[in-house]
Amino acid sequence: RCFQSNVADLDALWYDIQCSKHLKSTLMSIENTEISDEILVQLRKIVRAMDLHSRQLHRSCTLTSPQLVLLREIVRQDVISIGSLAKHASLSNATVTGIVDRLEQRGLVVRNRNGKDRRQVLLSSTETGCTLCTEAPPLLQEKFLASLADLKQWEQAQMLASLSRLATMMNGSPKEAFQAEDGTEAAEGISRPDSFIAPYKMLLEKELPQSPPEDTECIALVLHEIHTDEDLPEGMTRKFLSCFLNEHLRPYEDTVEDILQGLDYAFSSSEEKGGFVLLAKMRKKVVGVLVILNTGMSGYVPEHLLLFVAVDGAVRGRGIGAHLIRHAQDLCSGNIKLHVEYDNPAKRLYERMGFSSKYAEMRWEK
């Protein structure tokens with residue numbers, strides 16, 4: 001009981017013990033660099049374990065860890081508001097809203113207005129969401145908690161004290177909220193530029209594989225919205241875009257000539273045609289291209305057609321395709337349709353982005 005109710009005192013006591021003359025003299029004989037290197041190694045192991053578990057989870061149920069955490073909480077609560085869900089998950093409302101959007105696109109959760117207060121939106125799980133939640137493998141933290149329960153109480157308290165100090169070192173002072181350039185508070189999980197995690201994160205990016213697409217931040221990615229030839233970067237032509245799409249859509253590519261026809265339609269100033277192109281550049285190099293056409297219709301035929309989306313094979317797996325599609329969804333004023341072969345691996349990406357197969361496409365060729 002003493003350890004549980006006086007964690008802060010235990011933290012201070014542990015710090016005093018570490019700084020005692022006996023331990024101080026012992027630690028002085030060890031090179032500080034060796035300790036720092038070992039700490040980094042252990043941190044890499046932790047991040048590595050989280051990354052591998054996230055990949056395994058994504059393969060088994062096509063969900064990321066944050067998505068499964070929130071989905072399970074929604075199922076457990078039956079009905080819950082976004083604010084309450086954010087508190088339970090210890091995340092910001094903005095972060096939770098983004099994750100819930102993706103769960104809703106997949107048909108796993110639904111939003112309903114509160115009957116008493118129409119301003120409040122309540123979340124509940126669909127039958128598909130409940131089934132997926134039941135069949136999903138256990139989360140990494142569940143295994144960790146089981147192992148943690150086997151430790152003695154003083155060992156748990158010691159671990160808590162050390163992790164609390166580590167969290168403070170990595171994220172800066174808990175009393176100082178990092179402010180963005182516009183004066184607003186930074187997004188959840190973004191550390192101060194001068195904090196401990198900044199140089200460490202660079203080490204991780206070099207040595208660890210990429211995370212699943214939905215959790216990847218394309219920090220160096222720059223998007224260009226193109227509606228006419230005048231919007232194209234200097235020296236770039238439609239022929240370059242068509243050749244890029246032809247090369248990086250293989251083995252499901254269209255001919256350069258057919259792709260050019262699609263670009264002609266997108267760049268047309270006619271009221272019956274039109275659309276736009278999204279260009280993704282990383283370190284001034286084109287790494288992704290997306291083409292949207294306007295159909296001029298609505299209802300049973302969606303307003304927009306996602307004609308092409310291709311990512312350079314050298315940088316796939318970093319979330320660039322998902323980033324392009326999500327930005328296109330924000331720009332489109334109506335619904336979007338697309339055509340994809342059943343055996344095309346991109347079909348899984350489209351499903352994660354909320355596209356579903358309501359109809360089977362059939363064609364008659366004259």
Side-chain angles (χ1 to χ4, degrees), residues 43 45-112 121-149 163 167 171 187-190 204 208-218 317-323 325-326 329 345-357:
L43 285 172
K45 289 181 179 179
I46 294 173
V47 177
R48 174 72 171 172
M50 295 170 64
D51 185 75
L52 291 176
H53 178 267
S54 182
R55 288 174 178 271
Q56 181 183 6
L57 180 64
H58 194 266
R59 284 194 297 267
S60 60
C61 61
T62 65
L63 285 177
T64 64
S65 296
Q67 288 175 350
L68 184 55
V69 168
L70 295 190
L71 179 60
R72 284 187 169 176
E73 187 63 28
I74 294 171
V75 171
R76 190 176 71 86
Q77 296 285 346
D78 193 26
V79 177
I80 188 172
S81 67
I82 287 184
S84 299
L85 183 62
K87 289 181 180 178
H88 282 287
S90 298
L91 296 172
S92 69
N93 283 15
T95 300
V96 169
T97 299
I99 298 174
V100 168
D101 286 343
R102 290 187 279 277
L103 292 175
E104 185 180 30
Q105 288 176 347
R106 292 192 54 186
L108 302 179
V109 301
V110 292
R111 285 181 166 97
N112 297 299
V121 177
L122 299 178
L123 306 172
S124 59
S125 174
T126 63
E127 184 176 348
T128 304
C130 291
T131 303
L132 184 60
C133 188
T134 303
E135 297 175 351
L139 291 166
L140 184 63
Q141 53 261 43
E142 294 175 359
K143 298 178 181 179
F144 171 76
L145 290 174
S147 301
L148 185 66
L163 289 175
N171 291 295
E188 185 75 23
I190 299 180
L204 292 179
L208 293 181
Q210 294 294 329
S211 300
E214 293 207 340
D215 292 335
T216 303
E217 291 292 337
C218 302
R318 301 187 184 184
I320 296 174
H323 198 68
I325 295 173
R326 191 173 294 116
Q329 289 171 329
K347 184 172 180 289
R348 294 184 60 192
L349 170 62
Y350 298 140
E351 290 171 343
R352 289 199 302 271
M353 301 304 297
F355 289 88
S356 59
S357 303

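Quick note: residue numbers are just sequence positions, from 1.
V96 approaches I82 most closely through the heavy-atom pair CG1-CG2, 4.0 Å. Here the closest heavy-atom approach between residue V110 and residue N112 is recorded as CG2-ND2, 3.8 Å. Residues Q77 and I80 come closest through the heavy atom pair CG-CD1, 3.7 Å. The heavy-atom pair separating G129 from L71 by the smallest distance is O-CD2, 3.8 Å. Between L349 and A322, the closest heavy-atom pair is CD1-CB, 4.0 Å. Across every non-hydrogen atom of T95 and S92, the tightest pair is OG1-OG, 2.9 Å.
C133 contributes atom SG, which lies 11.0 Å from atom CZ of R76 (distance to the nearest 0.5 angstrom). Atoms CG and CD, on D101 and E104 in that order, are 6.5 Å from each other to the nearest 0.5 Å. The OG1 atom of T134 sits 8.5 Å away from the CZ atom of R72 when rounded to the nearest 0.5 Å. Rounding to the nearest 0.5 Å gives a distance of 13.5 Å between CD of E73 and NZ of K87.
Using a 4.0 Å cut-off between charged nitrogen and carboxylate oxygen, E351 and R348 do not count as a salt-bridge pair.
For the pair L123/R111, a side-chain contact is recorded, criterion being any heavy-atom separation below 4.5 Å from C-beta on. Put simply, the side chain of V100 reaches to within 4.5 Å of the side chain of L85, judged on heavy atoms.
Proximity of a side-chain donor or acceptor of T126 to a complementary backbone N or O of L108 within less than 3.5 Å is detected. Checking side-chain atoms of S125 against main-chain N and O of I74 turns up no donor-acceptor pair under 3.5 Å. For the pair Q329 (side chain) and M353 (backbone), a donor-acceptor distance under 3.5 Å is present.
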